[in-house]
J.: 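Following this message is one structure expressed as structure tokens.
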Amino acid sequence: MLRFLRSAGFRFALLFAGIFIGAAALFALVLWYATAGSLDRQTDASVRTDALGLIERWREAGPGAVAEAIADRLASDVEGTAIYLLLDSNGVRLAGNLDRWPAEASPDAPWSFGTVQREGNLIDARLHVLELGERYRLLVGRDVGEKQALRTLLAEGIAWAAVAASFVALVGAAVLRRAVEQRLRPAALTAQAIAAGDLSRRVPVSHRADEFDRLGESMNDMLDRIDRLMAGVRGVSDSIAHDLRTPIARARAKLEEALDGQAAPEALRAAMEQGIADLDHITRVFGALLRIAEAEAGARRAAFAPLDLVPLLAEVAEFYGAVAESGGQAIAIELPARLDVVGDRDLLAQAVGNLLDNALKFTPPGGRVRIAARAPARDRIDLVVEDTGPGLPAADRARAGERFFRADASRGTPGSGLGLSLVRAVAHLHGGDLLLEDAAPGAAQPGLRATIRLGIA
Amino acid sequence: MVRRMGRLQILALVLIAPAFAMGTEPVAQITTDSRDYCRELALRLASMPGATSEPARSLAEDGLRLCENGHPRSGVARLRRAIRAAQPEH
């Protein structure tokens, strides 16, 4: 029961019922004011006019004229609703159709409702008391019994209408609650199925393009994204297991070989060095994974500081210059005088270093690697590293930022498949992205142009 | 002792009686639904110049008959209509 009361459908239904009943009450109020209220106002206006006429007679000719006017008015009162009573200073009745002064009528409250007797029945009357002067008192009133009966009828009608309106409000509320529940049911069932482990389920969309469809589409988008992320996590786990199994197995074999005790000291040393190298490789992979995770989580943003990119890029280019020379490659540098940015110096250096490392790895001897930087807009800086190597097919470029992804052509080269993942994570950390494209589109060796696009933080 | 109780009872009666009297104050009564008023209206109509012309005459006769037959309110209403009809402007 409590669950039912707390449901959104019930609250919507309650809101609907409240608004409906409120509107019905307002309608009844207006109706009452326009009918019963109008009758009251008409009665008061008639009594006021009557009284003003008698006051005029009093001023013109005194009590005798007022008594005569009252007799005339009573004689021609075809509706039979008029009530008059004129008393002199001693309280003696001079004219009118009441045998005594009503208890409810008092000069202190000139307008009042009272009860008078007519042919043995008590009837309601509207009474107006006037002090004429010389302690003469005049009472002008109307029998409002019939109007009261009409008011009662109207009140009964409104009461029945209120009952009908309440019934309609409750039925409408129940229908509304059911409609909301029915529309939310597919989403709820899908959520339950997903909670039970079936991640393939999606919310059926009715194509009415309403709020519920938009909610369903958003849920489906969210589920697709979760699916992709889970697939990514699964892929990373598989890759870690696959890529680290070989060096660990090799290190273990070398160590077992060393334990054998029969190998020559040189062979023992070589086995231990190989084991250490394998373990270093594993450490580097984990280090790279941790750095990517840090960059993606934004944890390094606290270390952001203003810096000039030009000397940093020159330093990295110089570092890799020696590698290029040994491979018979050339590094061309195109840098402006100054490029100010707020960011993490170490991560940016490593990202550019990774790009240069990749470029040199895939550029054949005699090839050229170009490193350039520019600010094409006020809030944008592009760091470009391009080579004259074989480039990357479009399908591989789309996956190049994934952890442990290695294109088929690169299987024979050393590397862990984490370099571009870190570059992309660093670009995202700095409010930018990593763009990969052909350096010379259409050429036999199109090369690869990698652009780190930074937003200036 | 008995005489003293008798005096107290009388005193209480004297004090309480007005309160009872106030609570049972009679309701004002409309006096125009009566045979006397029928006659008063008939006299008033008779003094009017148009009393013998129709429809005043017939209405007056109906009114008086109703009053005589114990329906003074209806009779008064007919006589009032007769007076209206007999008035010069009508």
Side-chain angles (χ1 to χ4, degrees), chain A residues 47 50 67-87 91-107 109 112-129 137-146 148, chain B residues 18-51 53 55-64 66-90:
Chain A
V47 169
D50 213 357
E68 195 180 327
I70 287 172
D72 285 345
R73 289 178 190 197
L74 280 174
S76 57
D77 175 30
V78 176
E79 292 81 16
T81 57
I83 294 172
Y84 298 99
L85 184 60
L86 176 65
L87 300 184
V92 175
R93 178 173 173 272
L94 297 181
N97 59 347
L98 281 184
D99 65 343
R100 59 174 54 82
W101 191 264
E104 299 88 349
S106 160
S112 60
F113 282 98
T115 307
V116 296
Q117 202 170 23
R118 168 164 244 168
E119 292 185 309
N121 299 318
L122 292 175
I123 55 160
D124 295 317
R126 181 67 166 152
L127 305 171
H128 183 36
V129 178
R137 278 188 294 165
L138 172 65
L139 179 81
V140 181
R142 290 287 182 274
D143 169 359
V144 291
E146 284 185 8
Q148 286 295 91
Chain B
F20 275 106
M22 278 176 75
T24 57
E25 191 178 344
V27 178
Q29 191 165 354
I30 289 179
T31 56
T32 42
D33 300 326
S34 64
R35 284 186 190 178
D36 289 344
Y37 192 62
C38 279
R39 281 192 284 277
E40 190 182 323
L41 287 179
L43 287 172
R44 179 181 278 266
L45 178 65
S47 66
M48 295 175 77
S53 58
R57 194 177 60 81
S58 307
L59 285 168
E61 283 174 4
D62 281 354
L64 283 170
L66 284 166
C67 286
E68 291 304 319
N69 290 338
H71 304 290
R73 193 171 172 184
S74 304
V76 165
R78 295 289 169 94
L79 284 162
R80 280 170 168 162
R81 286 170 64 189
I83 288 170
R84 278 241 178 134
Q87 280 170 350
E89 58 270 25
H90 292 283

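If you're wondering where the values come from, they're calculated on a predicted model, not measured in any experiment.
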J.: At what distance, to the nearest 0.5 angstrom, does OG of B:Ser74 lie from CG of B:Leu79?
T.: 11.0 Å

J.: Can you tell me how far apart CD (B:Gln29) and CG (A:Asn97) are? Round to the nearest 0.5 Å.
T.: 11.0 Å

J.: Using 0.5 Å steps for rounding, measure from the CD atom of A:Glu68 to the CD1 atom of A:Ile70.
T.: 11.0 Å

J.: Need one label for A:Ala71: side chain, backbone, both or neither, based on atoms under 4.5 Å from any heavy atom in chain B.
T.: both

J.: Looking only at heavy atoms, which of residues 37-49 of chain B get nearer than 4.5 Å to chain A?
T.: B:Tyr37, B:Leu41, B:Arg44

J.: If the contact rule is any heavy atom under 4.5 Å from chain B, which residues of residues 137-146 of chain A qualify, in numerical order?
T.: A:Asp143

J.: Identify, with sequence neighbours excluded, every residue that meets side-chain hydrogen bond (donor to acceptor under 3.5 Å, both in side chains) alongside B:Ser58.
T.: B:Glu54

J.: Does any heavy atom of chain B fall under 4.5 Å from the side chain of A:Asp72, the backbone, both, or neither of them?
T.: both

J.: Which value, rounded to the nearest 0.5 Å, describes the distance between A:Thr115 atom OG1 and A:Asn121 atom CG?
T.: 12.5 Å

J.: Working to the nearest 0.5 angstrom, can you tell me the gap between A:Ile83 CD1 and A:Leu74 CG?
T.: 10.0 Å

J.: If you count heavy-atom pairs within less than 4.5 Å of chain B, which of A:Glu79, A:Arg118, A:Arg100 leads?
T.: A:Arg118

J.: For A:Leu85, which atoms come within 4.5 Å of any heavy atom of chain B: side chain, backbone, both, or neither?
T.: neither

J.: Kindly write out the residues that satisfy side chain to side chain contact (heavy atoms under 4.5 Å, CB included) with A:Ala67, not counting sequence neighbours, or none if the list is empty.
T.: A:Leu86, A:Ala95

J.: When rounded to the nearest 0.5 angstrom, what is the spacing between OG in A:Ser112 and CZ in A:Arg126?
T.: 7.0 Å

J.: Main chain of A:Asp50, side chain of A:Arg73: is a donor-acceptor contact present, judged purely on distance under 3.5 Å?
T.: yes

J.: Is a side-chain N or O of B:Arg73 found less than 3.5 angstrom from the main chain of B:Asp33, in a donor-acceptor match?
T.: no

J.: Of all heavy-atom pairs between A:Ala75 and B:Arg80, which one has the smallest distance, and what is that distance?
T.: O-CG, 2.9 Å

